[in-house]
*Asks:* 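Below you will find the structure I want to go over with you.
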Amino acid sequence: MTQFWNLLNPFPGQHSTFASNVDAIFYFIFWLSMFFFVAIVGFMIYFMIKYRRVEGQEPESSPSHNTPIEVAWSVIPGFLVLGIFWWGFTGYVDMRSPPAEAYEVNVIASMWQWQFKYPTGAISDKLHIPVNRPVKLIMQSKDVLHSLYVPSFRAKQDVVPGRYSGMWFEATDVGVYDLFCTEYCGQKHSDMITKVVVHSTSPEGTTEEVNQTFERWMEIASNPLNDEQGQPLPLDVAGKKLVDTFQCAQCHSIDGTKKVGPSFKGNYGKEVEIVGQGKVLMDENYIRESILEPTAKIHVGYEPKMPSFKGQMKDEWIDAVIAYIKSIQ
Ligand code: HEC
Ligand SMILES: [Cu+2]
């Protein structure tokens with residue numbers, strides 16, 4: 001029996017302020033359509049049988065039209081459709097109007113990952129937000145069309161290259177929920193999945209699953225040199241974390257294979273060929289310069305496709321990345 005009811009309610013739990021209204025209008029339209037479907041098909045079958053041709057009995061002539069019935073079947077559906085429109089339209093306007101006090105997070109979509117940037121400068125690959133507070137996402141795409149979708153919030157919005165798109169929602173429950181890309185964006189589209197972590201804002205509200213308050217998480221995330229409990233990490237481990245957060249692996253492998261950029265493995269401490277500058281030793285200074293001013297020295301065989309991380313990578317973070325690159329030689 002529960003399986004039957006699950007079929008009738010296949011949606012994930014409702015965990016945002018939008019969810020109940022979205023589901024209500026969905027089910028209203030669904031059951032309204034069901035009602036008319038059953039009624040129309042039912043009458044059709046009934047009339048087919050009632051007015052079937054019987055041997056030896058000539059068909060009676062029937063009226064060509066009936067004004068009261070025709071008015072009823074125009075006006076009643078007319079009002080129903082207007083009602084549905086009004087319900088959907090007000091819901092849509094609400095979803096398109098973020099409250100002024102919303103907490104803002106920048107979202108960068110790229111093939112095939114999500115990156116979230118917070119007002120404190122923290123960066124993460126999962127979306128971390130406070131519970132019971134409106135959150136506004138300011139989204140941009142580095143390449144193609146993506147779309148951000150959190151089923152438990154009933155919230156979804158396209159991320160269009162070349163412009164900002166926005167959305168907002170307010171999570172109502174502490175927990176971890178799925179976040180999908182829901183616009184086909186290439187070969188690994190189906191890997192473009194991450195999580196939304198909804199944090200409590202007070203220590204009493206934390207759960208086993210989400211055991212940090214939002215403030216605490218932010219404090220730790222703003223310092224990638226620390227681990228999840230706020231303890232300092234070994235420098236190379238912190239470097240690995242930074243390389244993950246800044247998504248260097250999109251262009252750099254760690255196993256010696258060539259991608260868009262040279263591998264992090266196998267070049268450190270060796271001389272590399274630089275376009276127009278001959279051989280240069282790849283040491284700490286070379287790595288630092290490559291991160292801050294990637295076009296200063298172009299590795300032969302590669303295109304100058306690396307963005308500068310100046311202003312994003314703090315000095316002590318660069319130290320950690322250097323330690324990491326050395327550790328994998
Ligand atoms: C969009 C692709 C891309 C991303 C993302 C990227 N790089 Fe690069 N990187 C390149 C390319 C291409 C080169 C080679 C051309 C050049 O020297 O600028 C390069 C060169 C380098 C070099 C010099 C290596 C050598 O052997 O010459 C270092 C060090 C480096 N990148 C570090 C990083 C770090 C650290 C990050 C992340 C914070 C990063 N890169 C992110 C594309 C990228
Ligand atoms: Cu995508």
Side-chain angles (χ1 to χ4, degrees), residues 107-115 117 123 125 139-149 156-161 165 179-194 224 235-236 238-254 256-329:
V107 180
I108 293 118
S110 59
M111 290 149 105
W112 289 277
Q113 47 209 324
W114 296 101
Q115 194 181 50
K117 294 190 176 172
I123 298 178
D125 51 12
M139 308 191 289
Q140 55 198 110
S141 166
K142 278 195 190 167
D143 35 56
V144 299
L145 199 58
H146 300 277
S147 180
L148 189 148
Y149 179 35
K156 175 163 137 182
Q157 177 67 45
D158 280 5
V159 188
V160 185
S165 51
L179 187 159
F180 298 112
C181 176
T182 178
E183 183 70 56
Y184 181 67
C185 58
Q187 196 196 355
K188 292 193 188 147
H189 162 67
S190 56
D191 287 350
M192 207 169 153
I193 309 174
T194 183
L235 211 50
D236 56 334
K240 160 94 175 76
K241 207 166 106 186
L242 282 157
V243 163
D244 288 343
T245 342
F246 282 96
Q247 303 175 344
C248 315
Q250 273 190 323
C251 305
H252 296 284
S253 81
I254 54 164
T257 51
K258 189 172 163 173
K259 286 168 95 175
V260 178
S263 180
F264 282 155
K265 184 177 175 153
N267 285 325
Y268 178 77
K270 302 208 178 107
E271 304 220 299
V272 295
E273 280 276 334
I274 300 301
V275 177
Q277 300 178 38
K279 284 194 184 324
V280 170
L281 179 69
M282 176 159 162
D283 59 2
E284 286 83 355
N285 281 312
Y286 177 81
I287 298 177
R288 188 186 151 80
E289 186 185 55
S290 298
I291 295 171
L292 298 176
E293 273 175 72
T295 46
K297 294 191 175 67
I298 303 299
H299 200 130
V300 167
Y302 297 92
E303 285 175 43
K305 283 202 173 148
M306 176 160 159
S308 166
F309 290 88
K310 205 178 208 156
Q312 297 187 48
M313 268 270 184
K314 296 185 188 161
D315 282 349
E316 60 270 33
W317 298 2
I318 295 178
D319 298 343
V321 171
I322 294 174
Y324 169 64
I325 292 179
K326 284 180 178 173
S327 76
I328 57 166
Q329 295 308 309

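Remember, it's 1-based here, ligands and their atoms both numbered in the order they're listed. As the structure is a computational prediction, the values presented were derived from the model and not from experiment. Residue indices begin at 1 and follow the sequence shown.
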*Asks:* Please list the nearest protein heavy atom to atom 3 (C) of ligand 1 with its residue and the distance rounded to 0.1 Å.
*Replies:*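 Residue, atom and distance for the closest contact: Cys251 SG, 2.6 Å.
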
*Asks:* With atom 8 (Fe) of ligand 1 at the centre, find the angle made by SD from Met306 and NE2 from His252, to 10°.
*Replies:*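 Seen from atom 8 (Fe) of ligand 1, SD and NE2 are separated by roughly 180°.
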
*Asks:* What is the closest protein heavy atom to atom 38 (C) of ligand 1, and at what distance does it sit?
*Replies:*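 Looking only at protein heavy atoms, the one closest to atom 38 (C) of ligand 1 is Cys248 SG, 2.7 Å.
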
*Asks:* Give the atoms of ligand 1, by number and element, whose distance to some non-hydrogen atom of Tyr302 is under 4.0 Å.
*Replies:*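 Here the atoms of ligand 1 in question are 14 (C), 15 (C).
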
*Asks:* Can you list the ligand 1 atoms lying under 4.0 Å from a non-hydrogen atom of Met282?
*Replies:*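 Listed by number with element: 26 (O).
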
*Asks:* Run down the list Phe246, Phe309, Tyr286 and name the one with the heavy atom closest to atom 41 (C) of ligand 1.
*Replies:* Phe309

*Asks:* Non-hydrogen atoms of Val243 versus ligand 1: any pair closer than 4.0 Å?
*Replies:*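 No heavy atom of Val243 comes that close to ligand 1.
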
*Asks:* Among protein heavy atoms, which sits nearest to atom 22 (C) of ligand 1, and what does the distance come to when rounded to 0.1 Å?
*Replies:* Ser290 CB, 3.5 Å

*Asks:* Which heavy atom of the protein is the closest neighbour of atom 12 (C) of ligand 1, given with residue, atom name and distance?
*Replies:*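 Heavy-atom neighbour on the protein nearest atom 12 (C) of ligand 1: Glu303 O, 3.1 Å.
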
*Asks:* Looking only at protein heavy atoms, identify the closest one to atom 26 (O) of ligand 1 and say how far it is in Å.
*Replies:* His299 ND1, 2.9 Å

*Asks:* Can you spot which of Ser147, Cys181, Ser110 makes a side-chain contact (heavy atoms from CB on, under 4.5 Å) with Met192?
*Replies:* Cys181

*Asks:* May I ask you to list the atoms of ligand 1 that are less than 4.0 angstrom from any heavy atom of Val321?
*Replies:* 35 (C)

*Asks:* Taking 4.0 angstrom as the limit and counting only heavy atoms of Ile291, give me the atoms of ligand 1 inside it, by number and element.
*Replies:* 35 (C)

*Asks:* Tell me the protein heavy atom at minimum distance from atom 14 (C) of ligand 1, and give that distance in Å.
*Replies:* Pro262 CD, 3.5 Å

*Asks:* Measure the distance from atom 17 (O) of ligand 1 to every protein heavy atom, then report the residue, atom name and distance (to 0.1 Å) of the closest one.
*Replies:*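 Atom 17 (O) of ligand 1 sits closest to the protein heavy atom Lys297 O, 3.1 Å.
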
*Asks:* Looking at Lys305 and Glu303, is any side-chain nitrogen of the basic one under 4.0 Å from a carboxylate oxygen of the acidic one?
*Replies:* yes

*Asks:* To 10°, measure the SG(Cys181)-the Cu ion (ligand 2)-SG(Cys185) angle for me.
*Replies:*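 That angle is 120°.
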
*Asks:* Relative to the heavy atoms of Pro294, which atoms of ligand 1 are at a distance of less than 4.0 Å?
*Replies:* 16 (C), 18 (O)

*Asks:* Suppose we measure from atom 11 (C) of ligand 1 to each protein heavy atom; which comes out shortest, and what is that distance?
*Replies:* Gly261 CA, 3.7 Å

